[in-house]
Amino acid sequence: MARILILNVQVPFVHGGQDVLVNSLAKELKNREHDVDMVSLPYSAEPKETLIEQIALWRSLNLERFGGKDVDLVIPTKFPSYFTKHPKKSLWLVHQHRAIYDLYASAYSDFSDDPRDEELRNMLVEADKIAINECKFISGISQNVIKRLKDFNGITNSKTLYPPLSLGNKYYSGESQPYIISVARLCRIKRVDLMLKALPQIHQHVKFKIVGKPDEPGIMEYLENEVKKHHLENRVEFLGRVSDEELLRLYANASAVFYGPHNEDYGYVTLEAMASSKPVVSCLDSGGVLEFLRHEENSLITHPTTDALASAFNRLIEYPEFAQQLGKRGRRDIEELGLLETGWDLIIDNLLSPLGNLDIKPCKLRD
Amino acid sequence: MKKNRIAWFSPEFTYKENSPAAWASSILIPILRKNFEIDLFSNSHQATIEGEFHYLTASSRHRENPYDIFFYNLEDRTFSQFLRVQCTLIPGVIWFHNYNFTTFGPEPVLNSTWQASLKKFADLNAGWGNLYSENPQVGPQAMREQSFALAALCSNPANISVLENSEFRICDKQVQFLALPAESGAIRKVRTASPKEFTLACCSSPLIETRTHKLLQALSELGKNNQIIYHLNWLLEECELEQANKLILEFNLSNVKISTGRTMANWREILSDSDAVAHLLYSAYSQLDQYLSESLMFGLPTIMSDFGFSDFLPENLIFKIQNGRTEVFELKAVISKLAQNEVALDRENLIQTASELFGPEIIAQELSQFLEAFAPKSQSFLTNWKNFQKEAKRALLQDIQQRHSGFTEKLENLVFEQVFKEFGWTC
């Protein structure tokens with residue numbers, strides 16, 4: 001048994017894939033009889049100068065010993081949790097601060113051409129290299145995340161460990177009803193607006209259900225305005241956050257799932273849709289999502305334009321057998337990848353590798 | 001003697017068929033490397049040539065082993081937008097292939113504090129720009145980019161006067177014309193003319209700005225004369241087909257041969273199967289790219305709009321057309337004369353002139369001389385710029401320090417001072 005701390009970065013009032021990941025990891029470690037706890041610090045990306053303070057706070061935490069006993073391992077997950085100091089850091093990276101890397105010089109980054117911003121970017125990049133290279137084991141949640149480490153920080157000794165789905169085998173498929181579903185935090189990078197703009201070109205009887213809470217100032221007003229502008233009041237439903245049961249039901253009865261974010265890290269939604277035997281429509285620049293999708297085999301992958309999206313969804317609506325075929329193939333793929341019930345053993349073996357040959361007990365039966 | 005080190009920014013070479021900047025870089029870098037140590041910075045993580053790096057690594061490479069000159073190959077393409085951000089972060093020589101941008105650029109350009117940065121650089125006592133207020137840009141002109149250019153080169157001579165008379169500038173700068181190079185060693189054979197048929201080549205998009213509708217109208221009207229059959233060899237991109245076919249239908253043309261894939265290889269094939277070529281424009285500030293250089297290198301009779309680049313070419317070697325009401329009439333007259341062999345064109349002379357204008361060795365030599373002469377000025381500027389960057393870092397750290405000034409001294413020392421020292425976050 002090892003004493004392990006999972007390091008979590010929490011954006012207050014926001015819930016997403018990060019929460020699912022750390023909670024599932026904690027549960028799985030506990031199932032293997034490890035002594036596990038979580039250290040969370042609040043995180044805000046704005047104003048960007050505070051990133052330095054947040055790094056300093058993580059860095060100054062002493063996590064080596066509590067209650068007279070050593071902490072054997074810490075598992076940082078997201079920027080800036082990996083700045084913490086510990087002799088055994090095992091990184092399972094969700095993402096770095098992307099505004100200084102792959103999102104730099106795009107509409108999704110708040111870094112300007114001001115020399116102070118450039119200095120800040122340089123400071124963050126250099127610090128990232130130091131902190132990540134301190135880790136005894138480096139992994140990321142997708143090939144996309146690992147590629148960014150290699151491309152932007154020259155870190156090559158890292159491994160991809162895909163997180164399994166938290167609801168495991170509970171996903172099911174029901175009768176398809178005429179609606180498309182989007183599950184995502186509501187922010188620009190998730191591009192739900194693209195789908196709203198495509199909707200007028202999609203068969204009129206098809207509705208669009210949006211699961212997720214707003215995560216950016218003004219985003220709700222913007223999306224609601226798009227709905228009004230395109231006269232979609234009777235076709236679009238904002239559902240906010242829903243329970244697990246409700247989410248499973250929404251997936252199960254959807255005709256198709258839209259998930260077309262810009263360069264996503266991983267994208268649980270894709271896998272959830274596949275687990276529910278539903279066809280996914282995604283975009284060519286959607287990043288980690290594409291590691292699981294194959295155009296016209298288990299999904300449709302289009303250019304990130306309204307025309308292309310509308311045409312893809314109309315194809316699925318007009319040819320339900322084709323849609324069903326894609327969905328079934330997706331389910332098979334997800335089973336083969338071991339991302340439903342199984343998959344955690346590999347992740348935990350890897351994350352705990354800095355501890356050497358621990359006498360790790362086999363996993364207890366899950367509830 | 002130590003070679004000057006150049007940080008050369010360009011779109012990846014894979015875009016070269018559709019990018020004058022990538023085209024020029026791909027031809028000139030191998031030649032210039034004889035005299036300079038050149039690192040190529042693109043927006044790609046996969047190097048297409050040795051010494052190619054991602055542009056976000058430029059500043060750390062500069063810190064480790066300083067460059068003497070930063071060189072930016074700037075154009076109006078979406079895949080080139082990273083250059084617009086980068087060229088103000090460390091100023092250098094900018095080779096402008098466009099001055100007006102049809103796309104307004106990425107966020108840092110749209111909401112830039114460049115005017116404040118410029119003032120601050122001129123006078124360190126001036127204030128910094130406000131990072132958190134909106135700084136909307138006034139228009140699509142490259143005002144911001146040209147203001148930070150230490151020297152400006154333009155492949156379109158029409159831009160020279162705009163650049164020379166710019167309102168904002170980081171220093172007094174030299175502005176100079178430098179044409180886009182043609183490839184050396186390409187086989188350029190033209191066919192023997194037929195007295196009964198005449199084929200014109202064109203590689204413009206069917207957009208109204210490129211005046212192709214005028215060209216099609218002229219050919220349609222000429223087609224009513226049964227003595228000569230007029231053909232058009234039109235090189236397009238796949239996505240332009242629909243619009244092109246609409247135009248062909250509108251003008252009832254039957255002798256149009258469309259090829260798709262705007263590449264130099266395809267263009268050469270078309271040129272070798274044509275009797276003349278048309279490069280029309282709507283504005284002096286638009287760009288004809290490398291396809292014009294290639295047409296002239298072929299020594300084919302070349303019809304051009306009477307402004308912009310054509311002002312720079314010898315009068316006796318090209319056929320100029322005025323835009324506007326007389327455009328179709330003039331096009332018909334020129335095409336008809338060429339078809340009926342009524343104008344004598346000294347093809348050898350044209351090829352010779354084109355080689356002098358667009359020959360890669362000649363352009364590389366011109367650029368090489370320019371860069372050698374410019375290096376001392378650039379080095380001295382970059383030293384000043386380094387101080388400016390230090391000032392920026394000092395201002396940033398001061399701002400951060402002010403934010404946590406409410407902490408107790410002990411906590412501040414524990415949390416911040418040690419960490420800042422560890423990461424080198426000091427001035």
Side-chain angles (χ1 to χ4, degrees), chain A residues 41 44 46-62 80 83-85 99-131 134 147-154 156 188 303 305 307, chain B residues 43-46 54-57 59-60 63 81-90 105-114 116-117 120-121 128-132 135 144 148 385 388-397 399-400 403-404 411 414-420 422-425:
Chain A
L41 284 183
S44 172
E46 292 164 349
K48 49 189 172 289
E49 294 92 318
T50 60
L51 297 175
I52 293 286
E53 290 168 29
Q54 293 174 74
I55 287 176
L57 284 171
W58 274 104
R59 194 71 175 167
S60 58
L61 292 180
N62 183 350
F83 280 92
T84 201
K85 266 186 169 175
I100 58 170
Y101 295 117
D102 62 298
L103 298 181
Y104 182 72
S106 78
Y108 306 114
S109 171
D110 55 348
F111 277 69
S112 74
D113 63 348
D114 189 286
R116 289 165 296 169
D117 272 5
E118 178 61 358
E119 288 305 314
L120 179 60
R121 195 184 68 78
N122 287 331
M123 284 159 64
L124 294 171
V125 172
E126 291 305 315
D128 251 9
K129 265 189 218 168
I130 295 170
E134 287 170 351
K147 186 174 181 302
R148 287 185 206 139
L149 275 179
K150 176 177 167 275
D151 288 344
F152 294 107
N153 304 98
T156 50
R188 277 187 305 166
H303 283 281
T305 62
D307 287 357
Chain B
N43 196 10
S44 166
H45 292 286
Q46 281 178 339
H54 191 269
Y55 80 101
L56 283 178
T57 64
S59 57
S60 63
R63 278 197 301 273
Q81 288 186 343
F82 73 95
L83 272 143
R84 297 189 67 192
V85 180
Q86 186 66 37
C87 71
T88 56
L89 294 178
I90 307 182
E107 210 75 355
V109 173
L110 288 178
N111 208 11
S112 165
T113 57
W114 65 270
S117 299
K120 180 80 185 170
F121 180 70
W128 285 101
N130 187 346
L131 286 174
Y132 296 99
N135 305 292
R144 169 182 163 279
F148 280 77
W385 190 255
F388 182 58
Q389 287 173 317
K390 274 186 192 162
E391 181 61 25
K393 192 170 180 180
R394 200 189 59 75
L396 172 71
L397 291 170
D399 185 34
I400 293 166
R403 281 175 190 278
H404 57 75
L411 187 65
L414 177 77
V415 177
F416 294 103
E417 217 174 293
Q418 286 179 16
V419 178
F420 275 45
E422 188 186 355
F423 288 122
W425 293 341

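Below, read A as the first sequence line, B as the second, and so on, with proteins coming before strands; counting in each chain starts at 1. Remember, predicted model here, so these are calculated numbers, not experimental data.
Scanning for ring-ring contact (aromatic ring centres under 6.0 Å, His included) contacts around Phe388(B) gives Phe121(B), Trp128(B), Trp385(B), with sequence neighbours left out. Applying the side chain to side chain donor-acceptor pair (under 3.5 Å) criterion to Lys85(A), with sequence neighbours excluded, gives no partner residue.
Using a 4.5 Å cut-off between heavy atoms, Tyr55(B) touches chain A through its side chain atoms alone. Heavy atoms of Leu61(A) lying under 4.5 Å from chain B are absent altogether. For Phe83(A), the part sitting under 4.5 Å from any heavy atom of chain B is the side chain, from C-beta outward, and nothing else. Neither the backbone nor the side chain of Arg84(B) comes within contact range of chain A, judged by heavy atoms closer than 4.5 Å. Only the side chain of Leu89(B) comes within contact range of chain A, with heavy atoms under 4.5 Å apart. The part of Ser117(B) that comes within reach of chain A is its side chain, from C-beta onward, which places non-hydrogen atoms under 4.5 angstrom from that chain. For a residue to count as touching a neighbouring chain, one of its non-hydrogen atoms must lie under 4.5 Å from one of that chain's; by this rule Asp110(A) does not touch chain B. Only the side chain of Ile130(A) has a heavy atom closer than 4.5 Å to any heavy atom of chain B. If you measure heavy-atom distances from Ser59(B) to chain A, the contacts under 4.5 Å come from the side chain alone.
A donor-acceptor contact shorter than 3.5 Å links the side chain of Asp117(A) to the backbone of Ser112(A). Without hydrogens or angle criteria, Ser109(A) side chain to Ala99(A) main chain gives a donor-acceptor distance under 3.5 Å. When atom types are taken as modelled, the side chain of Glu49(A) and the backbone of Asp399(B) share no donor-acceptor pair closer than 3.5 angstrom.
Taking 4.0 Å as the cut-off between side-chain N and carboxylate O, Glu118(A) and Arg121(A) count as a salt-bridged pair. Taking 4.0 Å as the cut-off between side-chain N and carboxylate O, Glu134(A) and Arg59(A) count as a salt-bridged pair.
Highest contact tally toward chain A, considering only Thr113(B), Leu131(B), Leu110(B), is held by Leu131(B) [criterion: heavy-atom pairs under 4.5 Å]. When each of Thr57(B), Thr88(B), Leu56(B) is scored by its heavy-atom pairs under 4.5 Å with chain A, the top score falls to Leu56(B). Of the listed residues (Lys120(B), Gln81(B), Arg144(B)), the one with the most heavy-atom contacts under 4.5 Å to chain A is Arg144(B). Chain B forms more heavy-atom pairs under 4.5 Å with one residue of Thr50(A), Ile100(A), Val125(A), Ile55(A) than with any other, namely Ile55(A).
His54(B) and His45(B) have parallel rings, their planes meeting at less than 30° on a 0 to 90° scale where 60° marks the start of perpendicular.
For the residue pair Asp151(A)/Tyr101(A), the side-chain donor-acceptor check at 3.5 Å is not satisfied.
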